[in-house]
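What follows is a single structure, written as structure tokens, with notes after it.
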2 protein chains.
Amino acid sequence: MGNSKLYKGSLNTIILKLLEEQGKMYGYEITQKVKELTKGELKITEGALYPALHKLEAEGLLDVEVAKVDNRLRKYYKLTEAGEKETVNRLAELEEFIRSMQNLVNPNWSIE
Amino acid sequence: MGNSKLYKGSLNTIILKLLEEQGKMYGYEITQKVKELTKGELKITEGALYPALHKLEAEGLLDVEVAKVDNRLRKYYKLTEAGEKETVNRLAELEEFIRSMQNLVNPNWSIE
DNA sequence: TTCTTATGCATAAGAATTTTATGTATATAT
DNA sequence: ATATATACATAAAATTCTTATGCATAAGAA
């Protein structure tokens, strides 16, 4: 209850941005980080996350590195060079979307 | 080209918000208004808009009124009472999403 | 020590929303 | 005449997400 929904299309950008900041992360870590950063408002489901990671990898935007910690598997993802470039584009797009929405929704707000 | 994409799920909220502001609008007018307000960044396609309007109407959030101007058909939509209440909710949800995204994407920004 | 919760991955079926491609029709500008 | 703008509509396909499963190990609670 009470958790604002995830707008479709934003997940990939969230993933890319987190990886840009954190260097490398594994799937479960991403779900927890998003929960933490948004105070529980956004919850990334596994059914959305893992296919998204696989697709980003297939597109050449992410590299994987498998590790075993405490006898449990972890797949660390990090941006490729193409991924870094694409992250810049996607973020610009998202910021543009946010600005557009603010113009529509609440022109009184300003971003600084 | 170069038009930033419409995040899925935001279209309904955009429609509701515009109707809240403008009182009543017809479909084509909505597409033009969004183009204008976002300086061409968001383009509402007809294939998305008309089904969305029909659905909002079916949900009881919109009322329709048909008019004929210059021998051309126009369907004016306006919020019902239920629509007005729902608009408040959807806008709150969208603002929450925007804030969450800003926390993820650029914590330096502030909304005032 | 058993049961639940947390950690960690994965996929498949279905739902929701959008894009793209059409189709119809009138008005206006070139 | 022809193209563009106005104005509606729907259907097929694509995209992206939710929900429901499934497997497996670790840690904490009862």
Side-chain angles (χ1 to χ4, degrees), chain A residues 1 3-16 24-36 40-59 61-62 64-77 90 93-94 97 101, chain B residues 1-16 24-36 40-59 61-62 64-77 90 93-94 97 100-101:
Chain A
M1 45 165 264
N3 62 318
S4 88
K5 73 180 165 189
L6 179 65
Y7 286 88
K8 295 185 182 178
S10 55
L11 177 57
N12 287 325
T13 307
I14 290 173
I15 293 171
L16 293 174
K24 64 174 187 176
M25 300 181 82
Y26 56 99
Y28 186 77
E29 189 183 9
I30 292 175
T31 66
Q32 301 307 302
K33 191 73 180 174
V34 169
K35 241 201 294 193
E36 176 203 325
E41 280 152 25
L42 290 189
K43 282 168 190 165
I44 308 300
T45 63
E46 296 165 299
L49 178 65
Y50 291 115
L53 287 171
H54 300 161
K55 199 185 169 208
L56 288 170
E57 188 197 349
E59 289 168 353
L61 302 181
L62 301 186
V64 197
E65 183 195 327
V66 179
K68 208 160 196 178
V69 178
D70 286 334
N71 206 35
R72 275 200 240 89
L73 194 71
R74 283 184 187 174
K75 288 193 168 180
Y76 280 97
Y77 290 89
R90 303 270 182 116
E93 226 173 48
L94 180 55
F97 170 76
M101 288 310 300
Chain B
M1 46 167 274
N3 62 319
S4 88
K5 72 181 164 190
L6 178 64
Y7 286 89
K8 295 184 184 179
S10 56
L11 177 57
N12 287 326
T13 307
I14 291 173
I15 293 171
L16 293 173
K24 65 174 187 177
M25 299 181 83
Y26 55 99
Y28 186 78
E29 189 184 7
I30 292 175
T31 66
Q32 300 308 303
K33 190 74 181 174
V34 169
K35 239 200 293 191
E36 175 204 325
E41 279 152 24
L42 290 189
K43 282 168 191 166
I44 308 301
T45 63
E46 298 165 298
L49 177 65
Y50 292 114
L53 287 171
H54 300 161
K55 200 187 169 205
L56 289 170
E57 188 196 349
E59 289 169 353
L61 303 182
L62 301 186
V64 196
E65 183 195 328
V66 179
K68 208 160 194 177
V69 179
D70 287 331
N71 205 35
R72 272 200 242 88
L73 193 72
R74 281 185 189 173
K75 289 194 170 179
Y76 281 96
Y77 290 90
R90 303 273 181 113
E93 225 174 50
L94 179 56
F97 169 76
S100 293
M101 289 310 299

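Order of the sequence lines fixes the chain letters, A, B, ..., with proteins taken first and strands second; residue numbering starts at 1 for each chain.
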Separation between CG of Leu11(B) and CG of Leu53(B), rounded to the nearest 0.5 Å: 8.0 Å
Given dT7(C), dT19(C), dT6(D), the nucleotide with the shortest approach to the side chain of Ala48(B): dT19(C)
With a 4.0 Å cutoff (strictly under), does any side-chain N or O of Thr45(B) reach OP1 or OP2 of dT18(C)? no
Please determine whether a side-chain nitrogen or oxygen atom of Tyr26(B) lies at a distance below 4.0 Å from atom OP1 or OP2 of dA7(D). yes
When Ala52(A) and Arg72(A) are each assigned the nearest nucleotide of DNA chain D, the 5'-most assignment goes to Ala52(A)
Nearest heavy atom decides the nucleotide; on that basis, is Tyr50(A) or Asp70(B) closer to the 5' end of DNA chain C? Tyr50(A)
When only distance counts, do a donor and an acceptor, one from the side chain of Lys8(A) and one from the base of dT18(C), lie under 3.5 Å apart? no
Across the strands shown, which category fits Glu46(A) at heavy-atom distances under 4.0 angstrom: base, sugar-phosphate, nothing? base
Out of curiosity, Leu94(B) CG to Tyr7(A) OH, how far, rounded to the nearest 0.5 Å? 4.5 Å
Separation of dT17(C) C1' from Ile15(B) CD1 (nearest whole Å): 12 Å
Calculate the interatomic distance between Arg74(A) atom CZ and dA6(C) atom C1'; express it in whole Å. 12 Å
Which whole-number value in Å describes the distance from Asn12(B) CG to dT17(C) P? 6 Å
What's Gly47(A) touching, base or sugar-phosphate or nothing? Going by heavy atoms closer than 4.0 Å. base
Atom CD of Glu65(A) to atom C1' of dG8(C): distance rounded to whole Å? 16 Å
Asn71(B) CG to dA5(D) P, in whole Å, measures 21 Å
Side-chain N or O of Lys55(A) closer than 4.0 Å to phosphate OP1/OP2 of dT16(D): yes
What's the NZ-P distance between Lys43(A) and dA6(C), to the nearest Å? 12 Å
With respect to the side chain of Tyr28(A), which nucleotide from dA6(C), dT6(D), dC17(D) is positioned closest? dA6(C)
Watson-Crick or G-U wobble partner of dA11(D), both distances under 3.5 Å: dT20(C)
Please name the pair of heavy atoms, one in Glu41(A) and one in Ser100(B), separated by the smallest distance, quoted to 0.1 Å. OE1-OG, 2.6 Å
If I compare all heavy atoms of Gly27(A) with all of Leu49(A), which pair ends up nearest, and what's the gap? O-CD2, 3.2 Å
Whole angstrom value for the distance that separates C1' of dA7(D) from NE2 of His54(B): 12 Å
Roughly, in whole Å, what's the span from NZ in Lys33(B) to P in dA7(D)? 15 Å
Contact check, side chains of Ile14(B) and Leu42(B), non-hydrogen atoms, under 4.5 Å: yes
